[in-house]
Number of protein chains: 2
Amino acid sequence: MKKAGACDLKTCFLCQFCMPEWITAVSDNKQHLFYKKGETIFQEGVAVTGIFFLYEGKVKVHKQWGAEKDLIIRFAQKGDILGHRGLGSGQRLYTVSATALEDTTVCFMDIAFFEASLKVNSALTFKLMQFYADELQEAERKMRNLVHMDVKGRLADALLEISRMHNSKQFSISRQDLASFAGTTYETIYRIIQEFIQQKLIEAEGKSITILQEKKLQKYC
Amino acid sequence: MKKAGACDLKTCFLCQFCMPEWITAVSDNKQHLFYKKGETIFQEGVAVTGIFFLYEGKVKVHKQWGAEKDLIIRFAQKGDILGHRGLGSGQRLYTVSATALEDTTVCFMDIAFFEASLKVNSALTFKLMQFYADELQEAERKMRNLVHMDVKGRLADALLEISRMHNSKQFSISRQDLASFAGTTYETIYRIIQEFIQQKLIEAEGKSITILQEKKLQKYC
DNA sequence: GTTTTAATATGATTTAGATCATATTTTTGT
DNA sequence: ACAAAAATATGATCTAAATCATATTAAAAC
């Protein structure tokens, strides 16, 4: 990680939803940071220092299990918030890790200042609450999928979600990450990907995947 | 469901955290409702009408999958909020169902009035946001458990969580619900329960379960 | 109080998907 | 540019847990 330039004061969640008068204070308390591909932005279990807003790049938010196993909770991109779970009422430890999937620039803000911002900007707090409500719905939907769907369905769902997020039928992701995102192993993903290719539902070349038949993929969900 | 008496204006989340001046308005906008054991309080997929505060009884919050399968997201008891996921920014449909596990009294509040309460009481919104943050952490922890833990571990975790919630080593729950809570089938739960009994980790008589050796159960988690 | 219906008990069978093993290719660090 | 480390490819094997089947018991409903 290294320090990077100043913030444009209009991209992130905070700048968008706080009162205009507050922006000056914001400007004094945020800091751009740059992370190389593969670098850890924050680590599960470590004391919360602040909240991050993603400016450039892609990040995975994941929970580790031992040394080998991993579950990707979500992917984040420009405009997304990272580290917001740190605001809970319990002890202030990050409950997930965040790792840069490509070179990434984030805007970092001290947790105390962010909380002060919330106290002062009730519209901001309300927006953040809505954001949490949405994330909670999604997390619970995923829980159900993990229990009741087979891996093929979860992979189909994962591919469609990643495509929606990238706003494109074509995107890049490693099978390893796909496995961690669908809650399964590399080998199983490898096999099902082969099957989807055979059925001409998707096309793959290296890490690049293209969705050919969205409708048919949807049927597996 | 039938209507029940008035609210004591001090038990629920809303009454506890809103401004005292607001209580009068609250009083005019809430309504006690009574549900018999087994009754549905609200149903996944149906338009959100309001938010519920649990006054008496136990409720399961669950997501259905087809007609047969079910996943219990959480249990709720006195003081807990129900239907709060309805506040998300998307379309206003309940994303989970709530069913009374015993005779239950709730306080119901129209969603529009509750949102007005949030707009006016920023401390309340902040508290609610924290509550969401905690729920999100818990949901994500459960997701990881579903992927990486075996059923024995998830059952141990479930038993300990239910015990913690009841604030007692002894509690009542059907194996069916235990299965839905741990994300598995009745038969599997039945077998592991037998095993735990053999190992003298728990004791069971009908639906009543008593935890004998918390520490050893913990080891499975 | 008897009929339905739902929950429990328990063995037998099946299977999806994890794990293991090993070779090859790609990426990354130095 | 080269060594080391990750990621990929693919078959073989194993196993935890789902499904099926059927009997019994308990709880609700009429």
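Only a predicted model underlies this, so the values are computations on that prediction, with no experimental measurement involved. To find a chain, count down the sequence lines: A is the first, B the second, and so on, and within it residues start at 1.
Summarising the geometry, the separation between CD on A:Glu39 and P on C:dT28 is reported as 14 Å, rounded to the nearest angstrom. Rounded to a whole Å, the CD1 atom of A:Ile193 is 16 Å from the P atom of D:dA7. Nucleotide C:dA6 holds its C1' atom 16 Å from the CD1 atom of B:Ile173, rounded to whole Å. For B:Glu102 and D:dA28, the CD to C1' distance is 17 Å, given to the nearest whole Å. If you measure from atom CD of B:Glu205 to atom C1' of C:dT8, you get 15 Å, rounded to the nearest angstrom. Following rounding to the nearest Å, B:Glu68 (CD) and C:dT5 (P) show an atom-to-atom distance of 15 Å. Counting to the nearest Å, the C1' atom of D:dT19 and the CG atom of A:Asp150 are 15 Å from each other. Atoms CG (A:Leu146) and P (C:dA18) sit 11 Å apart, rounded to a whole Å.
Using a 4.0 Å cut-off between a side-chain N of Lys or Arg and a carboxylate O of Asp or Glu, A:Arg154 and A:Glu161 do not qualify as a salt bridge. A salt bridge does not link A:Lys58 with A:Asp80: every distance from a Lys NZ or Arg NE/NH1/NH2 to an Asp or Glu carboxylate oxygen is 4.0 Å or more. In this structure, B:Glu138 does not pair ionically with B:Arg74, as no charged nitrogen and carboxylate oxygen lie closer than 4.0 Å. Using a cut-off of 4.0 Å between Lys/Arg side-chain N and Asp/Glu carboxylate O, A:Lys63 and A:Asp70 are scored as not salt-bridged.
Contact check, A:Gln176 against D:dA6: no side-chain N or O comes under 4.0 Å of OP1 or OP2. Taking 4.0 angstrom as the limit, A:Lys36 places none of its side-chain polar atoms (N or O) nearer than this to OP1 or OP2 of C:dG29. The phosphate of C:dA6 (OP1 or OP2) has no side-chain N or O of B:Lys37 nearer than 4.0 angstrom. Of the side-chain N and O atoms in A:Lys207, one or more sit less than 4.0 angstrom from OP1 or OP2 of D:dT8. Regarding contacts with the backbone of C:dG17, every side-chain N or O of A:Lys152 stays at 4.0 angstrom or more from both OP1 and OP2.
The base of C:dT25 lies outside donor-acceptor range of the side chain of A:Arg175, with no N or O pair under 3.5 Å. No hydrogens or angles were tested; on distance alone, a donor-acceptor pair under 3.5 Å links the side chain of A:Arg191 to the base of C:dT19.
Residues B:Tyr132 and A:Phe131 keep their aromatic ring centres 6.0 Å or farther apart. A distance below 6.0 Å separates the ring centres of A:Phe181 and A:Phe75.
Near DNA chain C, meaning a heavy atom under 4.0 Å away, the residues from residues 177-190 of chain B are B:Tyr186, B:Glu187, B:Tyr190.
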What do the steps show when you test A:Gln170 against A:Ser208 for side chain to side chain donor-acceptor pair (under 3.5 Å), and what is the final call? CA-CA 7 Å; A:Gln170 195 279 126; A:Ser208 162; 2.7 Å; yes

